[in-house]
Amino acid sequence: MTSLGLPEQYRSVLEARCLQEGVAYLDGDEALLEHAEERRAAPAPARAGGGAPEVGIVAPLDATNQAHAWWIQQQLRPRVRPIFLSRVYFSPALLPTRAAHRVLGEALALAIAEGDLFSWRHRVLQ
């Protein structure tokens with residue numbers, strides 16, 4: 001189970017319920033945040049070759065996205081708000097970009113592989 005951009009009151013309930021039911025849970029907001037932090041920490045030459053925009057680029061507020069920015073400020077956790085205002089990960093209409101889908105796909109694939117590894121280990125050790 002994964003979430004992306006859920007208000008905190010719903011996200012925390014979903015995470016707790018998944019834990020209670022034994023369902024693997026991936027916080028998509030955190031996955032994007034980790035990716036952004038890794039990109040910021042990467043040496044400048046590594047980023048320059050790809051020509052990818054900076055993660056920190058925040059869309060200017062105008063009539064098309066002012067309501068979205070207000071919603072982000074009101075509903076999401078403070079540390080993930082910049083991700084939702086970044087044009088690297090979200091469009092002005094708050095739709096995930098290709099980069100966001102790619103990052104989430106990689107995080108989900110890693111979570112699945114890790115879960116399978118540990119379930120395999122658990123079965124073998126039994």
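In this structure, L19 is not a member of the same hydrophobic cluster as Y10, with clusters built from ILVMFWY side-chain heavy atoms closer than 4.5 Å.
In this structure, M1 belongs to a hydrophobic cluster whose other members, linked by side-chain heavy atoms under 4.5 Å apart, are L6, L14, V23, Y25. Apart from L26 itself, the hydrophobic cluster it occupies contains L108, where clustering links Ile, Leu, Val, Met, Phe, Trp and Tyr at side-chain heavy-atom distances under 4.5 Å.
With contacts defined as side-chain heavy-atom distances shorter than 4.5 Å, the pair L76/W71 qualifies. A 4.5 Å side-chain heavy-atom check between Y89 and H35 finds at least one atom pair inside the cut-off. A 4.5 Å side-chain heavy-atom check between I72 and F90 finds every atom pair outside the cut-off.
Here the shortest heavy-atom pairing between L104 and A31 reads CD2-CB, 4.1 Å. The minimum heavy-atom distance linking L4 with P96 is given by the pair CD2-CG, 4.1 Å. Closest non-hydrogen pair, I83 versus A36, comes out as CD1-CB, 3.5 Å. Pairing each heavy atom of A93 with each of H68, the nearest pair is CA-NE2, 3.7 Å. In plain terms, the two heavy atoms of F84 and L94 that are nearest each other are O-CD2, 3.7 Å.
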Note to self: Before you tell me yes or no, could you show the steps for E15 and R11 under salt bridge (Lys or Arg N to Asp or Glu O under 4.0 Å), namely the whole-Å CA-CA distance, both residues' side-chain angles and the distance that decides it to 0.1 Å?
What the structure shows: CA-CA 6 Å; E15 184 176 13; R11 190 206 60 78; 2.6 Å; yes

Take R98 and H101 through the side chain to side chain contact (heavy atoms under 4.5 Å, CB included) test and state the conclusion after the steps. CA-CA 5 Å; R98 268 186 186 198; H101 285 292; 5.7 Å; no

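Residue pairs meeting the side-chain hydrogen bond (donor to acceptor under 3.5 Å, both in side chains) criterion with at least one member in residues 75-85, sequence neighbours excluded, are E8-R77, D27-R77, D29-R77, E30-R77, E30-R79.
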